[in-house]
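Worksheet: one structure, shown below.
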2 protein chains.
Amino acid sequence: MTQHETKNKILDVAEKLFAEAGYKATSLRAITSMAGVNLAAVNYHFGSKEGLISAVIERRLVPLNKSRLEQLHRVLVEAADQSLQANVVIRAFVEPTLMFTETLPSGKNFLTLVGRALAEPDETVRKIFIHNMQEVMTVMREALGRSLPDLPSDVLFWRLNFLIGALSHTMRCIEKCPMALEGGVARDAASLAALIVPFLTAGMEAPHA
Amino acid sequence: MTQHETKNKILDVAEKLFAEAGYKATSLRAITSMAGVNLAAVNYHFGSKEGLISAVIERRLVPLNKSRLEQLHRVLVEAADQSLQANVVIRAFVEPTLMFTETLPSGKNFLTLVGRALAEPDETVRKIFIHNMQEVMTVMREALGRSLPDLPSDVLFWRLNFLIGALSHTMRCIEKCPMALEGGVARDAASLAALIVPFLTAGMEAPHA
DNA sequence: CACTCATTCAAACGTTTGTTTTAAATGGGG
DNA sequence: CCCCATTTAAAACAAACGTTTGAATGAGTG
């Protein structure tokens, strides 16, 4: 097995097991044995378990955020002179996110993993995630601010948090909805995006006291 | 130290440490040493670590859900003949939740803990939480359905999930917002509720395709 | 006082964890 | 062909984990 194959096999299995059982509860022995590689390979290639989770997250989050930034910059340029609509900004952020499940076979695993990152008690994981989200969050905030010029800064801040909360919960629900009430119909990523964008847009545009 | 004191001291410390570091990463030794009790006391009084987290959650979640159900039943009765407004239903659910921080000194710890429950990778914790949420979620769904009679069942289902996601993220943000962008102003529970209710109401009432 | 029994205690149990260290085998690129 | 990064197997490491045990404690009761 070549170096490239070994590293990728570890990343694939780790992504799957981290998504299923969480970072803390997944042992390196479970990962390496399922990947069919030696236990020492993780420390050899990634330095530590922390290096592994970092690599697992960044392997997919960097391209995803690149895609989100492209979409955001596109709608910002297209609306350079005209008014920028909130639903356009929100769609630019949400669609690359949810569509990620269909870009890769392991897309659902990754969305589960990263959708849990903000709620992760382990500071290690949270810091890796937040560090990678800094830029796109700043741009997102500016874009939303431009589309909602009458919204006070701190109201915008909290509504952006509500948006992030709703979206990250939805990302976790794609693989398996934890609260499945009877009659909860599964949705593909596209129709889920079509459902959540109007919800978030209305919330962002809601009147405030 | 009486039995009552021992059990409560363990519950208080466990609530705090579980909120800070999560269920898996918090050891019984850390809990018992901080509580000033013997290590074996946990297994003696709660049977197991799982029994402890169950007791920690239910000690506060049962009264909280009782309060939420009271509010929901109240608004359902008051609007028995007239039309039921979505913002009234949402406020009946959200306000007891966020106000919980001011009912008890450890309210923020508990909200952090339970706000993370749905994202918890450990199936044990998730099942305890979901089991305790079943009834109030059913009532909440019925109430929202009555206030939004034109909303298809599966759209209501997903929007309720968006609501839960936004609220649970907010619950975790009360103690410490993980994504703190510059200019993020802290809010007390009351003004946070006043911020999130219009957001969620507009989202629930948004037009759908 | 003696007895009871729930509670507390120190100590140890067996298991699992991440990590490191051996040494030998492997195999692709210069 | 040979070098060297890589892979492997095996073992050991110290540390931390949840749980169990059996003796000590001590307040309440007859």
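Order of the sequence lines sets the chain letters (A, B, ...), proteins ahead of strands, with each chain counted from 1.
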Whole angstrom value for the distance that separates P of D/dT8 from CD of A/E5
11 Å
Residues which pass salt bridge (charged side-chain N to carboxylate O under 4.0 Å, His left out) with A/R187, listed by chain and number, not counting sequence neighbours:
B/D154
For A/A194, does its backbone N or O pair with a side-chain atom of A/S191 as donor and acceptor, under 3.5 Å?
no
Short side-chain N/O contact from B/H45 to OP1 or OP2 of C/dA6, under 4.0 Å:
no
Under 3.5 Å, side chain of A/H45 to main-chain N/O of A/A41, donor-acceptor pair present?
no
Measure from NZ or CZ of A/K7 to the centre of the six-membered ring of A/Y44 and say whether it is under 6.0 Å with the direction within 45° of the ring axis.
no
Side chain to side chain donor-acceptor pair (under 3.5 Å) between B/E135 and B/N65, worked out:
CA-CA 9 Å; B/E135 183 184 3; B/N65 277 340; over 6 Å; no
Generate the contact string for nucleotides 10-19 of chain C. Rules: B means base contact, S means sugar-phosphate contact only, - means no protein heavy atom under 4.0 Å.
B-B----BBB
On the 0 to 90° scale, with breaks at 30° and 60°, tag the B/F199-A/F199 ring pair as parallel, tilted or perpendicular.
perpendicular
Is DNA chain C part of any stem, that is, at least 3 consecutive Watson-Crick or G-U pairs with both distances under 3.5 Å, and where?
C:1-17 with D:14-30, C:19-22 with D:9-12, C:26-28 with D:3-5
When the distance from OH of A/Y44 to P of D/dA5 is rounded to whole Å, what number comes out?
7 Å
Picking from B/L148, B/I164, B/L151, what satisfies side-chain contact (heavy atoms from CB on, under 4.5 Å) with B/R159?
B/L151
Closest heavy-atom contact between B/F162 and A/L195?
CE1-O, 3.9 Å
